[in-house]
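First comes the structure, then the notes that go with it.
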Amino acid sequence: MKNLYERSMKVMPQAAGRATKLEIEKGKGAYLYDFEGNQYLDFASGVAVCNVGHNHERVIEAAKAQIDKLIHGGHNVVYYEPYVELAEKLVDLTGKDTMVYFSNSGAEANDGAIKLAKYATERPAILAFKGSFHGRTIGAMSITSSNAKYRKHYEAVLPSVYFAEYPNCFDCPFKQRKESCHMECSKQFKDIFDKLIDPHSIAGIIIEPIQGEGGYVTPPKAFLKDLRKICDDHGICLIFDEVQTGFGRTGKMFAYEHFEVKPDIFTCAKAMASGFPLSAVIAKKEIMEKWSAGAHGGTFGGNPVACAAALATISILEEGAVANSEAMGQYFREKLEALKNKYDVISDIRGIGLMIGMEFRKSDGSPNPDRVKHIINHAIEHRLILLDCGTYKNILRFIAPTTVTTAEIDMCIKILEEALSKEENQSSF
């Protein structure tokens with residue numbers, strides 16, 4: 001054992017919470033390996049970063065080749081091939097009517113997106129959604145509301161930020177039933193515009209097309225279509241945060257493709273470069289062209305090695321991993337639905353592709369985070385890595401790599417059912 005945990009406690013703050021105490025030496029495909037050679041099936045994927053698996057040989061090859069040429073040039077100083085080539089590829093993937101700005105992290109990209117919306121519209125306000133998670137910088141934190149702890153002791157934050165209710169058909173904030181819903185989630189904007197903020201003061205509405213940290217919540221397609229029309233009617237930039245949903249996670253290259261709604265601006269990061277720090281703000285060309293020289297910037301964004309890794313990642317996704325994500329996501333959902341039918345403690349299964357959430361509730365309908373915690377602990381003991389999410393941590397999320405196999409999913413299901421059966425027999429959380 002390397003005692004990395006004990007050593008880290010002496011030199012690192014606890015500000016960044018840790019999901020496990022595992023001490024990992026290496027990774028390959030869907031697996032991580034500790035220093036004793038124990039193999040862990042990783043269905044966290046570095047929190048949706050390693051979408052083509054750990055240490056894919058083509059990503060390694062591309063990164064090593066670029067290291068031999070240029071590690072850093074500075075995108076605000078010189079031009080270099082992988083930077084421009086990746087931008088061209090992303091423009092091609094997003095309709096050929098966009099432009100791209102590279103940053104380092106999802107939070108930084110979201111900061112850039114709200115800056116761009118404000119700059120292009122010359123308006124002050126941003127509208128976000130309850131349950132959202134957009135990052136931990138002051139700007140991104142200001143539009144985040146999945147948990148109050150992210151803002152604790154940091155008030156006051158970015159001004160002129162307002163929050164709407166995110167549509168959750170399983171737990172409707174408007175107390176409606178799906179079969180008799182009148183899209184109150186869309187109608188709420190009239191009330192917001194009448195009582196809180198004039199729509200012509202709003203620069204952008206930012207939304208996760210599928211909520212991540214907030215609980216893996218998938219909105220109705222009709223809602224996002226309504227939101228697109230609302231933005232068009234009032235000259236508001238529609239911003240999608242695709243930091244977690246992008247690059248094959250949902251069985252499409254980008255989640256917006258499922259909803260047939262194209263945002264004006266969207267952000268991506270996480271899986272973009274298979275673990276190398278890289279993010280992007282992608283926006284319609286006519287909006288990007290309003291961003292004048294010096295209005296935004298950064299030192300490390302679009303690092304040559306990260307861009308080379310991203311190009312390799314995208315090629316792997318295009319050549320079959322995205323399609324596998326769709327197929328394996330359907331297979332996984334069917335297996336999880338079978339467990340839901342067997343165990344009453346599972347209240348909902350939701351998600352698209354390989355972005356799947358399993359919600360746990362008590363018999364009285366209240367959140368059941370204890371059951372989730374016990375399952376995660378049982379999984380770790382049996383060398384499976386899972387994460388929770390949601391404000392109350394009562395959702396188990398499954399973030400398998402897009403290259404996952406049915407055998408690996410079956411292994412996860414076996415361990416999961418062992419945990420469910422064990423807890424069902426021993427206690428009643």
Side-chain angles (χ1 to χ4, degrees), residues 45 47-52 86-103 105-106 109-110 112-113 116-117 129 132-135 204-212 216-221 223-225 227-228 231 237-274 278-285 287-288 307 309-329 351-356 399-403:
S45 296
V47 195
V49 168
C50 301
N51 277 14
V52 297
L86 179 58
E88 290 172 337
K89 182 63 180 177
L90 291 171
V91 167
D92 185 57
L93 287 171
T94 55
K96 299 181 174 63
D97 60 348
T98 57
M99 299 181 84
V100 183
Y101 180 85
F102 293 119
S103 302
S105 69
N110 285 329
L116 173 59
F129 288 83
S132 62
F133 183 86
H134 298 291
I205 297 178
I206 184 166
I207 187 170
E208 297 161 276
I210 302 172
Q211 276 196 336
Y216 274 35
V217 181
T218 304
K221 182 186 288 189
F223 173 80
L224 291 182
K225 286 183 174 293
L227 195 58
R228 174 70 276 175
C231 288
C237 291
L238 178 59
I239 308 169
F240 278 8
D241 176 344
E242 291 244 23
V243 169
Q244 186 163 171
T245 56
F247 297 98
R249 174 54 43 202
T250 66
K252 299 282 189 185
M253 188 64 77
F254 301 107
Y256 75 76
E257 298 173 61
H258 289 285
F259 301 97
E260 300 171 2
V261 172
K262 189 172 181 180
D264 301 302
I265 304 168
F266 79 97
T267 59
C268 49
K270 283 191 181 290
M272 188 174 181
S274 293
L278 184 64
S279 66
V281 180
I282 303 172
K284 291 179 179 177
K285 188 175 182 180
I287 296 174
M288 277 289 202
C307 288
L311 285 163
T313 300
I314 291 170
S315 69
I316 295 162
L317 290 166
E318 287 187 308
E319 291 167 17
V322 172
N324 191 66
S325 176
E326 181 180 20
M328 291 300 98
I352 303 177
L354 287 169
M355 186 173 180
I356 307 173
I399 326 174
T402 62
T403 53

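Counting from 1, the numbers follow the sequence of the chain as shown. Owing to the predicted nature of the structure, the values given are computational and were not obtained by experimental measurement.
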Are any side-chain N or O atoms of [X] and backbone N or O atoms of [Y], one a donor and one an acceptor, separated by less than 3.5 Å?
X	Y	value
E208	G212	yes
S45	I399	yes
S279	S105	yes
H134	D241	no
K270	G246	no

At what distance, to the nearest 0.5 angstrom, does [atom1] of [X] lie from [atom2] of [Y]?
X	Y	atom1	atom2	result
T218	Q211	OG1	CD	10.0 Å
M272	L317	CE	CG	11.5 Å
M253	T94	CE	OG1	11.0 Å
N51	T313	CG	OG1	9.0 Å
F129	L227	CZ	CG	5.0 Å
I287	L116	CD1	CG	6.5 Å

Give the minimum heavy-atom separation between [X] and [Y], together with the two atoms involved.
X	Y	result
C237	A117	CB-CB, 4.2 Å
I265	A283	CG1-CB, 3.8 Å
V261	Y256	O-CB, 3.3 Å
V322	G248	CG2-CA, 3.9 Å
R249	Q244	CG-O, 3.4 Å
A113	V281	N-CG2, 4.0 Å

(message) One pair to check against side chain to side chain contact (heavy atoms under 4.5 Å, CB included): V49 and S274. What are the steps and the verdict?
(response) CA-CA 6 Å; V49 168; S274 293; over 6 Å; no
(message) Taking atom NZ as the centre, does K225 end up with more than 12 heavy-atom neighbours from other residues, nucleotides or ligands that are less than 6.0 angstrom away?
(response)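 More than 12 within 6.0 Å, yes.
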Below 4.5 Å, heavy atoms only, C-beta onward: do [X] and [Y] meet side chain to side chain?
X	Y	answer
I207	I239	no
E242	T267	no
T245	I352	no
D97	K262	yes
L224	L238	no
M288	T98	no

(message) One thing to verify: whether K284 and D264 come together as a salt bridge, which I'm taking to mean a side-chain N less than 4.0 angstrom from a carboxylate O.
(response) yes
(message) Between E318 and K89, does any NZ, NE, NH1 or NH2 come within less than 4.0 Å of an OD or OE carboxylate oxygen?
(response)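 Answer for the salt bridge query: yes.
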(request) Would you please indicate yes or no on a ring centroid separation below 6.0 angstrom for F240 and F254? (result)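 Ring centroids of F254 and F240 are no less than 6.0 Å from each other.
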(request) Please test L86 against L278 for side chain to side chain contact (heavy atoms under 4.5 Å, CB included), starting from the C-alpha separation and ending with a verdict. (result) CA-CA 11 Å; L86 179 58; L278 184 64; 3.7 Å; yes
(request) List the steps and the verdict of side chain to side chain contact (heavy atoms under 4.5 Å, CB included) for F247 and C268. (result) CA-CA 8 Å; F247 297 98; C268 49; 3.6 Å; yes
